[in-house]
Amino acid sequence: ANCANDVSFFISGNSFANYLWDFDDGTISNEENPTHHFNSGKYNVTLGGLGLTNDCSGKTINIIIYPLPTAYAGKDTSICFGDSAQLNGSGGITYSWKPGTNLSNANIPNPKASPTTLQTYELTATNAYGCKDKDTVQIKINSLSIANAGKDTVICFGDSIQLNGL
């Protein structure tokens with residue numbers, strides 16, 4: 001698929017003294033093999049030249065540039081060790097998460113992630129045209145706190161005691 005991005009053009013078998021590419025978006029190039037950034041849309045790209053060994057002056061190709069998706073992997077989050085986080089990817093019609101370890105399913109938009117250490121997941125979202133975009137989300141693991149309510153103490157029924165937790 002020709003996705004909105006940089007597109008490279010190559011000449012094969014022809015030699016020009018001068019090149020003139022018209023990209024049909026108000027820009028031109030004199031390079032032999034230019035690379036041009038296109039937004040999505042339809043374009044009639046024309047190659048003209050001077051001093052031709054083979055006449056290719058005025059040759060036009062029609063190209064369609066498809067839009068890129070906008071992948072969104074969700075907000076970074078923190079969980080306790082042993083817990084899971086619900087990932088919420090969007091922006092495509094197919095999805096792929098990497099790494100796929102500790103995920104309930106690496107090929108759906110909303111897998112459950114159960115990492116055991118700090119983990120960054122990369123989402124690749126693909127649209128109907130096969131164009132791809134990526135985004136990342138990070139899951140931090142909060143350390144477990146150890147509670148201490150003080151030393152064991154025996155009291156009688158009905159008595160009270162002051163607890164000092166740490």
Side-chain angles (χ1 to χ4, degrees), residues 1-10 21-29 31-45 61-166:
N2 289 322
C3 301
N5 215 328
D6 293 336
V7 177
S8 297
F9 296 89
F10 298 97
W21 291 89
D22 182 341
F23 299 111
D24 193 27
D25 62 359
T27 61
I28 60 172
S29 174
E31 295 178 39
E32 180 179 355
N33 298 311
T35 298
H36 184 69
H37 180 82
F38 287 96
N39 292 317
S40 61
K42 294 180 181 181
Y43 299 90
N44 297 313
V45 178
I61 59 169
N62 302 310
I63 61 173
I64 298 174
I65 305 296
Y66 297 108
L68 292 173
T70 302
Y72 180 66
K75 293 183 178 182
D76 294 349
T77 190
S78 297
I79 60 173
C80 292
F81 183 83
D83 287 346
S84 63
Q86 183 75 52
L87 301 181
N88 290 300
S90 63
I93 60 168
T94 62
Y95 299 89
S96 176
W97 293 90
K98 290 188 180 177
T101 55
N102 298 315
L103 292 178
S104 60
N105 185 333
N107 297 307
I108 60 174
N110 56 347
K112 283 193 176 185
S114 303
T116 56
T117 60
L118 175 71
Q119 181 67 60
T120 299
Y121 290 101
E122 180 182 78
L123 170 67
T124 300
T126 306
N127 66 16
Y129 305 108
C131 301
K132 299 175 187 292
D133 189 35
K134 295 181 180 185
D135 191 31
T136 59
V137 64
Q138 187 176 73
I139 300 177
K140 179 183 174 186
I141 307 301
N142 293 327
S143 58
L144 293 175
S145 298
I146 299 175
N148 182 350
K151 65 180 184 173
D152 292 345
T153 304
V154 176
I155 63 171
C156 294
F157 182 77
D159 289 347
S160 62
I161 186 168
Q162 175 75 36
L163 297 177
N164 296 306
L166 300 174

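Quantities reported herein were computed from a predicted structural model and do not represent experimental measurements.
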Rounding to 0.5 Å, atoms NZ (Lys42) and CG (Asp24) come to a distance of 12.5 Å
Is there side-chain contact between Ile79 and Pro115, with at least one heavy-atom pair below 4.5 Å? yes
Pairwise side-chain contact, Pro67 with Tyr129, heavy-atom cut-off 4.5 Å (strictly under): yes
State the CG-NZ distance between Leu123 and Lys132, to the nearest 0.5 angstrom. 11.0 Å
May I have all residue pairs that pass side-chain hydrogen bond (donor to acceptor under 3.5 Å, both in side chains) and include part of residues 85-97, sequence neighbours excluded? none
Can you tell me how the ring of Phe23 sits relative to the ring of His36, calling it parallel under 30°, perpendicular over 60° and tilted otherwise? parallel
Using the side chain to side chain contact (heavy atoms under 4.5 Å, CB included) definition, which of the options Asn2, Val45, Asn5 pairs with Phe38? Val45
Determine, stepwise, if the pair Ile65 / Tyr43 fulfils side chain to side chain contact (heavy atoms under 4.5 Å, CB included). CA-CA 8 Å; Ile65 305 296; Tyr43 299 90; 3.9 Å; yes
Distance (rounded to the nearest 0.5 Å) between Gln119 CD and Ser114 OG: 11.5 Å
State the NZ-CD distance between Lys98 and Glu122, to the nearest 0.5 angstrom. 7.5 Å
Pair listing, salt bridge (charged side-chain N to carboxylate O under 4.0 Å, His left out) test, anchored in residues 74-97, at least two apart: none
Closest heavy-atom pair, Ala4 versus Asn39, reported as atoms and distance to 0.1 Å, is CB-C, 4.1 Å
Contact between Phe9 and Ile61 at the side-chain level, heavy atoms closer than 4.5 Å - yes or no? yes
Once rounded to the nearest 0.5 Å, what's the spacing between atom OG of Ser160 and atom CD1 of Ile155? 7.0 Å
Is there a side-chain contact between Thr126 and Cys131 in this structure, where contact means two heavy atoms from C-beta onward sitting under 4.5 Å apart? no
To check you understand the geometry: which heavy-atom pair defines the closest contact between Leu87 and Leu103, and what is its length? CD1-CD2, 3.8 Å
Whether Ser40 side chain and Tyr66 backbone form a donor-acceptor pair below 3.5 Å: no
Atom of Ser104, atom of Pro111 and distance for their closest heavy-atom approach: OG-CA, 3.4 Å
So how far is it from Leu68 CG to Asn127 CG, rounded to the nearest 0.5 Å? 7.5 Å
For Pro69 versus Ala125, what's the shortest heavy-atom pair and its separation? CG-O, 3.5 Å
Nearest heavy atoms of Ala113 and Ile139, plus distance in Å: CB-CD1, 3.6 Å
Residues Ala85 and Thr77: closest non-hydrogen pair is CB-CG2, 4.1 Å
